[in-house]
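Numbering of residues begins at 1 and proceeds along the displayed sequence.
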Amino acid sequence: MAQILVPVQSQAFAAAQAPLVRLVGWLVDQWQGAMKAARSSLQPREPRTAEELIEWAGRYEATQPSYAADLRAAAVRAQQTAGSVRA
């Protein structure tokens with residue numbers, strides 16, 4: 001039967017390795033979270049309310065007035081529809 005001799009220094013290195021592995025895992029998790037947040041912030045988000053449509057219209061007014069008018073019309077329609085549903 002063969003014996004494997006492990007130097008004492010290797011055991012010390014192995015013991016010190018566990019916190020290093022946890023640190024690297026934590027850093028990877030932080031990096032992945034930051035990248036996910038960056039990707040989601042770069043994704044275009046669609047407006048969910050009539051007020052958001054009106055905000056968007058204000059942003060597009062200077063460069064695309066026709067589109068801004070369409071957004072405002074959609075906001076008015078949404079408000080009218082919501083009003084008729086509640087009544």
Check your understanding: Between Arg72 and Glu61, which heavy-atom pair has the shortest distance, and what is it?
Key -> NH1-OE1, 2.6 Å
Check your understanding: Do you know which of Glu46, Glu51, Glu52 makes salt bridge (charged side-chain N to carboxylate O under 4.0 Å, His left out) with Arg48?
Key -> Glu46
**Study point:** For Ala78 against Ala50, the heavy-atom pair lying closest together
**Key:** CB-CB, 4.4 Å
Check your understanding: In Å and rounded to the nearest 0.5 Å, what is the CD to CZ distance from Gln64 to Arg59?
Key -> 13.0 Å
Practice item. Rounded to the nearest 0.5 Å, what's the gap from CE on Met35 to CZ on Arg39? Could you check? Key: 8.0 Å
Check your understanding: Who else is in the cluster with Leu71 when I, L, V, M, F, W and Y are joined by side-chain contacts under 4.5 Å?
Key -> Leu53, Trp56, Tyr60, Tyr67
Practice item. Compare every heavy atom of Ala57 with every heavy atom of Ala68, then report the nearest pair and how far apart it is. Key: CB-O, 3.3 Å
